[in-house]
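The structure appears right after this line, and notes come after that.
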Amino acid sequence: MINIDEMRDYIRYPSDVSISGRTERGQSIDGANMNNISGNGLSFTANTKVDPGSNIYLGIPFHLKQFQIKAVVMWCMDMDSHFELGARVDLESPETNVRDFEILCDIEHYRHQVQEKEGRELSSVAAISEWFDKFGRHTSV
């Protein structure tokens, strides 16, 4: 059963980035698209069912490159036409690019702030580009 209190340790920011993925056993996770991201995880939709407890590897397109994260599926719900999954990112894994993951969380926070303060709606991809134009010179990515 999902522990709601545990799920709310971090603020979740909506995201609409298409991602690639595979299970530890090599099964492709097809049609994956991120729903939201937080400081320790993400949720996404996919055409592939993945059992809770499974280790997965996700590729996330990120400012002219793609970075990798290792995660554990915490829940998977059948929504008839697709599956919704929640995954906790393994921040200790050498397969996880923690710095890029943190920056992506910052970018989604920036996107949320732009919407709130300026009334502009940015896609996740547009927010990544805009964020790097404004702040990218201050990071080592």
Side-chain angles (χ1 to χ4, degrees), residues 1-136 138-141:
M1 175 149 229
I2 300 170
N3 180 338
I4 299 299
D5 293 329
E6 186 177 304
M7 289 177 60
R8 302 296 174 225
D9 285 345
Y10 294 90
I11 295 172
R12 283 162 171 54
Y13 295 104
S15 184
D16 57 9
V17 175
S18 293
I19 58 179
S20 61
R22 67 176 171 77
T23 66
E24 192 168 50
R25 295 182 179 171
Q27 173 191 15
S28 178
I29 301 172
D30 298 321
N33 194 60
M34 211 178 331
N35 294 329
N36 64 55
I37 189 169
S38 72
N40 70 342
L42 55 98
S43 76
F44 61 99
T45 60
N47 298 329
T48 308
K49 178 182 179 183
V50 183
D51 293 329
S54 299
N55 288 322
I56 57 174
Y57 300 91
L58 300 173
I60 302 173
F62 187 64
H63 193 66
L64 309 176
K65 66 178 183 171
Q66 179 167 296
F67 75 93
Q68 304 295 315
I69 61 171
K70 179 181 179 186
V72 177
V73 175
M74 302 305 291
W75 52 267
C76 181
M77 294 188 302
D78 187 343
M79 306 303 285
D80 293 329
S81 64
H82 65 278
F83 296 91
E84 289 192 15
L85 300 97
R88 185 184 71 238
V89 175
D90 183 349
L91 297 171
E92 303 297 319
S93 171
E95 290 95 348
T96 298
N97 187 324
V98 174
R99 180 68 181 131
D100 284 352
F101 182 75
E102 289 171 343
I103 291 171
L104 185 57
C105 290
D106 290 344
I107 291 168
E108 290 299 345
H109 178 257
Y110 168 79
R111 184 170 81 110
H112 179 76
Q113 294 290 53
V114 166
Q115 169 67 33
E116 271 190 2
K117 292 181 179 179
E118 300 175 23
R120 286 191 302 130
E121 285 196 36
L122 295 171
S123 70
S124 292
V125 173
I128 289 169
S129 180
E130 187 171 301
W131 189 91
F132 271 97
D133 286 347
K134 288 185 174 189
F135 308 110
H138 301 294
T139 185
S140 61
V141 174

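Counting begins at 1 with the first residue of the sequence. Fair warning: this is a prediction, and the values are worked out from it, not measured in the lab.
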Problem - Contact check, side chains of L58 and S20, non-hydrogen atoms, under 4.5 Å - result: no
Handout entry: All pairs passing salt bridge (Lys or Arg N to Asp or Glu O under 4.0 Å) where residues 18-30 contributes a residue, at least two apart
Key = none
Handout entry: By salt bridge (charged side-chain N to carboxylate O under 4.0 Å, His left out) - contacts of E102 (at least two apart)
Key = R99
Exercise for the section: Answer yes or no: is there a side-chain heavy-atom contact under 4.5 Å between L104 and I60? Expected result: yes
Exercise for the section: Consider only side-chain N and O atoms of S38 and N40, and report whether a donor and an acceptor are under 3.5 Å apart. Expected result: yes
Completion exercise
S124 meets the side chain to side chain donor-acceptor pair (under 3.5 Å) criterion, sequence neighbours left out, with S15, D16, E108
Handout entry: Residues that N47 engages under side chain to side chain donor-acceptor pair (under 3.5 Å), provided they are two or more places apart
Key = none
Problem - Within-4.5 Å side-chain heavy-atom neighbours: M74 and R88 - result: yes
Practice task
For residues Q27 and S54, determine if any side-chain heavy atom of one lies less than 4.5 Å from a side-chain heavy atom of the other.
Solution key: no
Exercise for the section: Check whether any side-chain heavy atom of V73 sits under 4.5 Å from a side-chain heavy atom of D51, and report yes or no. Expected result: no
Problem - Pair N36, S43: side-chain N/O donor-acceptor within cut-off below 3.5 Å - result: yes
Practice task
Enter the distance from I107:CD1 to Q113:CD here, rounded to the nearest 0.5 Å.
Solution key: 14.0 Å
Handout entry: Y110 and K134, any side-chain heavy atoms less than 4.5 Å apart
Key = yes
Practice task
Using a 4.5 Å cut-off on heavy atoms from C-beta on, say whether the side chain of E130 contacts that of L122.
Solution key: yes
Problem - side-chain contact (heavy atoms from CB on, under 4.5 Å) between I56 and V50, worked out - result: CA-CA 9 Å; I56 57 174; V50 183; 4.0 Å; yes
Handout entry: Closest heavy-atom pair and its distance - A87, A71
Key = CB-CB, 3.9 Å
Practice task
Apply side chain to side chain donor-acceptor pair (under 3.5 Å) to D106 and list each qualifying residue two or more places apart in sequence or on a separate chain.
Solution key: none
Practice task
Could I get the full list of side chain to side chain contact (heavy atoms under 4.5 Å, CB included) partners for V89, not counting sequence neighbours?
Solution key: L42, I69, L91, T96, F101
Problem - Rounded distance [0.5 Å steps], CD1 in I11 versus SG in C105 - result: 11.0 Å
Fill in the blank from the handout: Nearest heavy-atom approach of K49 to C76 is CG-SG, 4.0 Å
Practice task
Using a 4.5 Å cut-off on heavy atoms from C-beta on, say whether the side chain of V98 contacts that of D100.
Solution key: no
Practice task
Give a yes or no answer on whether the side chain of R111 reaches the backbone of I128 with a donor-acceptor pair at less than 3.5 Å.
Solution key: no
Practice task
Please identify each residue that fulfils side chain to side chain contact (heavy atoms under 4.5 Å, CB included) with A32, with sequence neighbours left out.
Solution key: I19, I29, F44, A46
Problem - Residue list, ring pair (Phe, Tyr, Trp, His ring centres under 6.0 Å) with F67, at least two apart or on another chain - result: F62
Fill in the blank from the handout: Closest heavy-atom pair, G59 versus P61, reported as atoms and distance to 0.1 Å, is O-CD, 4.0 Å
Indicate every side-chain donor-acceptor pair of residues 77-84 with a distance under 3.5 Å to a residue at least two apart or in another chain.
residue, atom, partner, partner atom, Å
D78, OD1, D80, N, 2.8

Completion exercise
Those residues at least two apart in sequence (or on a different chain) that pass salt bridge (charged side-chain N to carboxylate O under 4.0 Å, His left out) with E118 are R120
Practice task
Identify, with sequence neighbours excluded, every residue that meets side chain to side chain donor-acceptor pair (under 3.5 Å) alongside H112.
Solution key: E116
